[in-house]
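Below is one structure, written out as structure tokens; the observations come after it.
In listed order, ligands and their atoms are each counted from 1. None of these values were measured; they are calculated from a predicted model.
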Amino acid sequence: MSDSPPFVPLAFDRLAPGEMQTRAAVFYAAMNRRRTVRHFSPEPVPDGVVEDVLRTAGTAPSGAHLQPWHFVVVRDGETRRQLRTLAEEEERAFYSERAPQEWLDALAPLGTDADKPFLETAPVVIAVFAQSFGLLPDGRRVKHYYVSESVGIAVGFLLAALHTAGLATLTHTPSPMGFLNELLDRPSHERPYLLVVAGYPAEGATVPDLSRPALDAFTTVV
Ligand code: IYR
């Protein structure tokens, strides 16, 4: 008979209903102020903040608790310059040839184009990689499960943590972004998933005048 795994008591704080409601409303109000920002200040951000938001990302649930992610914090200015050059090459091909008109039309309200100065200006770019398997020190592979779901949740935690810590964020997906493996020295079984750009917004930064749909537009209760 196999040994059952060790279990420990759950640490859980039960809240009074009023307190629950307040916290839910306060968190919603805070998250509703998050905007995707494309104009960043070069001002550095504290190291400890970046470490803690990454720790938060690492608390995300994952398939079989295998954490199928790796985060590369790109702070080095020269690496960010190369990242920008390589991303803009792909983006130029995207905007001028690859993207179907329908996609370009959908992006028009956001005012995006092939120029990605924020990759160089923002003090931190976090490259998120998804691992289809892990590697043990002896070279054996450990299969990962629900990789996209797990990494997506971890990125959600990361964005919420950065926003809560007072930093502006941008999710960016140069397409394709295979160049990130070589630039950031990551193995070929790691798939570049997304870039998270973080920092203070530039003075006078603007965002598109968008609104978010009301709750009943995107939920159903049965
Ligand atoms: N990767 C391109 C295009 C782009 C695509 C989507 I979907 C967006 O929400 C925003 C941009 C770019 O970064 O410009």
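- For Phe133 and His189, the ring centers are positioned less than 6.0 Å apart.
- In terms of polar-atom proximity, defined here as any N/O pair under 3.5 Å, Glu91 does make such a contact with ligand 1.
- The shortest distance between side-chain heavy atoms of Thr171 and Leu195 does not fall below 4.5 Å.
- The protein atom (non-hydrogen) at minimum distance from atom 7 (I) of ligand 1 is Trp103 NE1, 3.6 Å.
- Using a 3.5 Å distance cut-off with no hydrogens or angles, the side chains of Arg80 and Thr85 do not pair a donor with an acceptor.
- Shown in contact with Tyr95 at under 4.0 Å from a heavy atom are these atoms of ligand 1, numbered in order with element: 2 (C), 3 (C), 12 (C), 14 (O).
- Counting only non-hydrogen atoms, the option in Glu90, Arg98, Lys116 that gets closest to atom 12 (C) of ligand 1 is Lys116.
- Considering both main-chain and side-chain atoms, Arg38 never comes within under 3.5 Å of ligand 1 through any nitrogen or oxygen pair.
- Side chains of Pro117 and Arg84 form a contact here, defined as non-hydrogen atoms less than 4.5 Å apart.
- Of the candidates Leu170, Leu107, Thr112, the one placing a heavy atom closest to atom 4 (C) of ligand 1 is Leu107.
- Ligand 1 has an N or O atom lying under 3.5 Å from an N or O atom of Thr173, backbone or side chain.
- Using a 4.5 Å heavy-atom threshold, the side chains of Ser150 and Pro68 count as touching.
- Ring pair Trp103/Phe94: centre-to-centre distance below 6.0 Å.
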